[in-house]
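Worksheet: the structure to be examined is printed underneath.
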Amino acid sequence: MGFNFFYRHFQHISVSNLHFMFLLMGTDLFNLLPKKVVSIWRLVLCLFVMSTLSLVLSSLLLIRFGDISLVPRSTYKLIVADNTLSYIEHDETELKEPVSPPFVCCCDSCFKSNPTELPTSCDQNHALLKVFMHDLPPEFHFGLIGWKGDQNQLWPNVSNLSRIPIYPGGISIQCSMEYWLTLDLLSSLSADVSRPCTAIRVQNSTQADVILVPFFSSLSYNHNSKISLNEKKNMHRVLQERLMEYLTGTEEWRRSGGKDHLIMAHHPNSMRLARRYLRPAMFVLADFGRYPTWIANIYKDIIAPYKQVVTRLNVTNSPSFEERRVLVYFRGTIRRKDDGKIRRVLYNLLKDENDVHFTYGKPTPDGFRSSSIGMASSKFCLSLAGDTPSSNRLFDAIVSHCVPVIISDDIELPFEDVLDYSKFAIFVRASDASKKGYLMKLIRGVQKEKWIEMWERLKQIAPHFEYQYPSQPGDAVDMIWQAVHRKVFSAGSNISRQNRYEMSQKFLNT
């Protein structure tokens, strides 16, 4: 009876208007309704207000703490498995950037197919890839690391190695790919710098195979993504907006719709604003974890390795099988989102194994030093998915000559169209690794002779993941340019991720 009365008298009033009238008129309007209806509406309004407040508070917490773990420190202490063996000694000396050992060229057996044959002389007619580079102001590149040139000077003089602007240290160096590629291209016209002739800079964009956008987006994200008190938006967002306005206004972008542009965005969050507007371009990324496929995918874009944060071992003094007394090593954050939940699962499965070192660790200089020592002391190093499919630990393991055990179902790997990862890494599906006893049985079943074979291959292929200046034949910079060349000219074979596990098992069993 009460609801029929309400419907007849209020059917012409919208829900929002009715709610507003209730709030303004309060009990005067409620007195017109039967007591049963009033009680129901008061309950509904109370629930609505409480739900709205909860939603607002939850949103504020996500915005403020979205990238920070909410796990109490006391809980973290409980999840650390301190199985550190006594023979892993911690060096208290200052951690310094390691001097790169001499380059060791990988033999043909490391490749699925023949690597790109490099020209013997270097000019526009001999280089594999002709690259035009937009002359962006320094605030987009070297200005981000404090470089200041003379008036109207856009680029540093890269011929003098002692005057090269130094990239900041710490964890941000793992996403420094943009810096190394830009340095290399600038040096391509210098007679004083000896480097491969894979890519060369051209001054006429109509002669270029690809057009580079020299924005150090990862560094900008790491340093400029916070909002100051007097600002409405952070400087990183401002730079992305300026970049979009600049690029879309150039003749080069309009000519191809951006399809011949190369945009470097190694940090997963570095181009979150601009990426949808610049999606026709070829991206150079760490992985596709935070990119929808209509923006970035393996058919259009390039995967580049992280720069390692551990000390790279020299081939001549890499610890042997007997000297690596830890069987399995992992150090890092244990609680992760998405596919990274495998870390917590494996911690619970492996924490009581005597020859396993599985601990929580922070990305600090002391942490890098501990990882350098731990990986060099271990036979197998776990490379687990984190918040995104990729992890810097894979490349830390490679340069430590510690056989990587990759447990990340959606990972895309650098240069996988030419490098046969199954000959120096082990792939395990997350569903299999989650089974009790499966992973340790698999690892313990690897024979010494097979481990030594993989260890030898790691020593051969490690230079392919090394960033350095000047770049050298077959190092990370050179390999990225070759990957761009294959993508531009469609010379690369399609990557088939579904065969990784079968190839890995086949190699271990031969």
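The figures here come from the full heavy-atom set of this structure, side chains too, leaving out hydrogens, waters and symmetry mates.
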So, for Y329 and S370, which heavy atoms are closest and what is the spacing to 0.1 Å?
-> OH-O, 3.5 Å
Side chain to side chain donor-acceptor pair (under 3.5 Å) partner of S220, chosen from H236, H267, E139, R237 | H236
State plainly whether the residues K448 and E322 are in salt-bridge range, i.e. N to O under 4.0 Å.
-> yes
How many angstroms lie between CD1 in I407 and OG in S431, if you round to the nearest 0.5 Å?
-> 10.5 Å
Counting only N and O atoms by type, is there a donor-acceptor contact under 3.5 Å from the side chain of R163 to the main-chain atoms of N157?
-> no
Closest heavy-atom pair and its distance - V131, W481 = CG2-CZ3, 4.1 Å
Test salt bridge (Lys or Arg N to Asp or Glu O under 4.0 Å) on D475 and R195 and set out the steps.
-> CA-CA 11 Å; D475 69 1; R195 58 178 290 279; over 6 Å; no
Can you tell me if Y469 uses its side chain to pair, donor with acceptor, with the backbone of V158 under 3.5 Å?
-> yes
Would you mind telling me which of H266, E178, Q174 makes a side chain to side chain donor-acceptor pair (under 3.5 Å) with S218?
-> E178
Flag the pair Y438 / V428 as yes when at least one side-chain heavy-atom distance between them is below 4.5 Å, and no otherwise.
-> yes
Check the pair R393, D396 against salt bridge (Lys or Arg N to Asp or Glu O under 4.0 Å), reporting the backbone distance first and the verdict last.
-> CA-CA 5 Å; R393 286 168 192 82; D396 287 344; over 6 Å; no
Please report the shortest heavy-atom distance between S187 and V193, naming the atom on each side.
-> CB-CG1, 3.9 Å
